[in-house]
Amino acid sequence: MIAAVDIGGTKIAIGMVDGGGRVLSRRQQPTDPEAGYAHALERTVNMLHEVSAEAREEITGIGIGSTGPVYAFTGEFGDVNFFPKWRGENLVRDLERTFQVSAAMENDGDAAALGEAGWGAGKGYKRLIYATIGTGIGVGIILNGEVYRGVDDFHPEIGHHLIDPSGPLCDCGFRGCWESLAAGPAMVKWIERNAPLDYEHRVGLTAKKICELAQHGDDWARKAVEHESHHLGLGLANLVTMFVPEVIILGGSVMKSAPLFMDEIRKVIAASCRLVPFEKTQLALASLGEDTNLIGAARVWYYRCGPEAHSAR
Ligand SMILES: [Zn+2]
């Protein structure tokens with residue numbers, strides 16, 4: 001039975017996942033990166049013992065998905081924004097040593113893509129893209145059944161491709177990258193910049209609240225949703241034009257309100273992708289739910305270490 005470890009900027013989630021992608025038991029704790037890597041490792045090991053005991057299953061392998069950059073084949077953390085002090089630490093090696101089983105790690109976007117490809121909305125497709133739209137935009141690309149990797153096996157940052165050079169400055173270096181214009185916080189910032197100072201919902205706004213307000217017909221929330229849909233559509237249209245995948249799977253917290261965005265997204269794609277058979281690229285919603293990243297982490301083990309592993313180097 002495979003144990004899954006999902007390391008995010010705010011939380012570490014752990015679970016036992018069965019061979020059909022179902023979570024049998026789970027735990028989570030704040031990542032608390034400031035307390036140091038050794039502390040996070042100790043808590044991760046403890047939670048792994050707990051989920052194993054609760055599911056009454058022995059851990060036979062460990063799959064890990066982590067916010068990046070991470071080095072998938074060495075198991076090391078790179079210079080991760082959320083926990084810069086963990087750089088060079090090796091979670092794969094440490095968990096293999098502790099549990100005496102094989103472990104493998106991928107960027108969490110790639111892990112989620114593998115999860116949806118193996119057990120979710122991408123099942124049966126060879127060329128798929130998974131995009132999670134939440135506080136940021138993460139993307140995993142699977143081409144011909146394999147995770148697409150760049151030089152040194154680096155995970156490409158599709159969420160930061162350029163959409164509008166007159167847009168807001170992002171940590172990535174671009175002005176107007178996709179994430180800066182279409183992740184959840186972009187909707188909040190758009191209202192802060194554009195709505196009048198006496199707009200009644202200005203204080204404490206979140207992407208979720210904006211979606212709720214838009215559903216109830218609030219004018220400024222609807223305009224923010226329109227702006228969001230358009231820019232989501234531009235990024236997705238770029239992906240369709242560049243990759244013509246069989247399916248693009250959309251997940252993440254913003255996509256919980258997908259019906260608000262889909263019409264405009266389809267319009268933008270239809271208007272922008274005329275050189276490729278865009279109508280053949282399906283847009284699907286992630287089907288593994290809240291635990292997409294956790295389930296994807298388990299899938300990482302099957303992809304890299306399982307009986308049908310085809311990506312081992
Ligand atoms: Zn960016």
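Atom set for the values below is all heavy atoms of this structure, side chains included, hydrogens, waters and symmetry mates excluded. Read the numbers this way: they start at 1 and go in the same order the structure lists the ligands and their atoms.
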* Total protein N/O/S atoms whose distance from the Zn ion (ligand 1) is less than 2.8 Å -> 4
* To do: Find out whether the Lys NZ or Arg CZ of Arg299 is both under 6.0 angstrom from the six-membered ring centre of Tyr302 and within 45° of the ring's axis.
  => yes
* Asked: Is the NZ or CZ atom of Arg304 positioned over Phe73's six-membered ring, under 6.0 angstrom from the centre and within 45° of the axis?
  -> yes
* Verdict with reasoning, Gln282 to Tyr125, per side chain to side chain donor-acceptor pair (under 3.5 Å) -> CA-CA 11 Å; Gln282 297 180 49; Tyr125 295 108; 2.9 Å; yes
* **Test log, rule side chain to side chain donor-acceptor pair (under 3.5 Å), inputs Asn107 and Tyr71** => CA-CA 8 Å; Asn107 171 285; Tyr71 294 94; over 6 Å; no
* Verify side chain to side chain donor-acceptor pair (under 3.5 Å) between Asp32 and His39, making sure each step is shown before the conclusion. => CA-CA 9 Å; Asp32 193 13; His39 186 56; 4.8 Å; no
* Within the side chain of Arg27, is there an N or O that forms a donor-acceptor pair under 3.5 Å with the backbone of Val51? -> no
